[in-house]
A.B. asks: 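To start, I am sharing the structure in question, which I have written as structure tokens.
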Amino acid sequence: TNAASSTLLKDYRGIGLFGGNLYGYLSAGTIEGNGQTISGMGAEGTQFVFFDRDAAVDWAGTGFDLLYLADRNSGIRKFYYNGSAWIAAGVSGFIAVSTAPAGGVQSLTGRIEGGKPALYFTKAIISSSVYVSSHLIKAVDNAARDAAWDITGGFPTYTLLANTDNTEKLMGVAFTPGSDLVTIPVELMTFKGSLIQDKANLQWITASERNAKEFIVEKSTNGKEFNAIGTVAAKNSAVKSVYTFDDVQLSEDINYYRLKMMDFDGSYKYSNVVAIKLGGKGAKGLSVFPNPVAHTLTIDHTAAADDAIIRIFSLAGSSVIQYNVAKNATQTSVDASQLPAGQYFINYISKGMSVTTSFVK
């Protein structure tokens, strides 16, 4: 404890941000964070990385069930969660490194590549107690989540990425934020909602997906507090993919929806929010809410034919956005958050009929 500030100080040798929560490794061999602790990790650990490899196994509500830890004396340790405790995979979970003499690992990070954990780490090369060089190495764990990775078993695949001479030492490794090394679960093109025969039909389109695990559909009646109502598995396609989800349990108030896009390593991001209001039938032709709009614009219209479209125009008459409307929909909710402030016209065309109204952003 710091006597001057009465702040509790802890001997963290490594920290990491996973699933939006901060975790730390203590010299006593404990990882703690998110109100949970993992004991028995050994006293020489540094950096660590969590993964989610089994949807049915969940550690303390985090979704994580696989853990790798850099050990300064013995290499990398692998642990898996069996539903009640963290278990070392193999003999204490240790592995050595085939590209260099056995020994410790200074730092570690990782991500899922091709459906398998890919670890990036550094280690010093010592010969006869003399420092020789430092290596940056990539290791891919080809074993099952709860199986030991073992050089003699042929499980790990190693790649030497870089090395130094005896005047430099690689002490840390991390992915640069914003670089192409950061795995983004999905590239979302659109997320919209439609009211079709008193059910909310949600549709989203992705341009590409890498290492994406699933889409969790979340719902709210106040636009602030969301709860999961369903899950859709990701296709992990390199080309455009289309998804749909129906909700028939609509409240009489406005129903808000968003997507939680999950990656296999536990990271995630949210989509825009769409809103559906039960009872909107578009009997008067065309109306919008809210108006003015900040984020989500919901258009109430007559039942859509196969070729129905919605177009948004600027005050100068330039086309800004165009949406294809779901057949039989009587309401369509779209993302207006990217529109600059100003006045806009919205045009709805269905069955050869065209109606227009305006709104303000």
A.B. asks: Restricting to pairs with a member in residues 33-51, which pass salt bridge (charged side-chain N to carboxylate O under 4.0 Å, His left out), not counting sequence neighbours?
C.D. replies: Arg13-Glu44, Glu44-Arg72
A.B. asks: Which heavy atom of Ser333 sits nearest to which heavy atom of Ile276, and what is that distance?
C.D. replies: CB-CD1, 4.2 Å
A.B. asks: Would Arg145 pass as a cation-pi partner of Tyr80, given that its NZ or CZ must be under 6.0 Å from the six-membered ring centre and within 45 degrees of the axis?
C.D. replies: no
A.B. asks: Test His301 against every option in Thr330, Thr332, Thr357 by the side-chain hydrogen bond (donor to acceptor under 3.5 Å, both in side chains) rule and name the one that passes.
C.D. replies: Thr332
A.B. asks: Is Lys213 salt-bridged to Asp52, cutoff N-O under 4.0 Å?
C.D. replies: yes
A.B. asks: Please give the remaining members of the hydrophobic cluster of Tyr256, linking ILVMFWY side chains under 4.5 Å, ordered by chain and number.
C.D. replies: Phe226, Ile254, Val273, Phe289
A.B. asks: Please state whether the rings of Phe191 and Trp204 are parallel, tilted or perpendicular, taking 30° and 60° as the class boundaries.
C.D. replies: perpendicular
A.B. asks: Can the ring centroids of Phe64 and Phe50 be said to lie less than 6.0 angstrom from one another?
C.D. replies: yes
A.B. asks: Got a sec, which residues hit salt bridge (charged side-chain N to carboxylate O under 4.0 Å, His left out) with Lys219, two or more places apart in sequence or on another chain?
C.D. replies: Asp247
A.B. asks: With sequence neighbours excluded, give me every salt bridge (charged side-chain N to carboxylate O under 4.0 Å, His left out) pair touching residues 16-37.
C.D. replies: Lys10-Glu32
A.B. asks: Among residues two or more places apart or on two chains, list those pairs meeting salt bridge (charged side-chain N to carboxylate O under 4.0 Å, His left out) that have a residue in residues 306-328.
C.D. replies: Asp306-Lys327
A.B. asks: Taking only Lys NZ, Arg NE, NH1 and NH2, and the carboxylate oxygens of Asp or Glu, determine whether Asp246 and Lys199 approach each other closer than 4.0 Å.
C.D. replies: yes
A.B. asks: For the rings on Trp86 and Phe79, is their centre-to-centre separation under 6.0 Å?
C.D. replies: no
A.B. asks: Considering all heavy atoms of both residues, which atom of Ile196 and which atom of Ala329 are nearest to each other, and what is their separation?
C.D. replies: CG1-CA, 3.6 Å
A.B. asks: Working note: Tyr268 + Tyr270, criterion ring pair (Phe, Tyr, Trp, His ring centres under 6.0 Å); need CA distance, chi angles, decisive distance, verdict.
C.D. replies: CA-CA 7 Å; Tyr268 59 87; Tyr270 289 107; 5.7 Å; yes
A.B. asks: On the 0 to 90° scale, with breaks at 30° and 60°, tag the Trp59-Tyr23 ring pair as parallel, tilted or perpendicular.
C.D. replies: tilted
A.B. asks: For residues 344-361, pull every pair meeting salt bridge (charged side-chain N to carboxylate O under 4.0 Å, His left out), keeping only residues two or more places apart or in separate chains.
C.D. replies: none
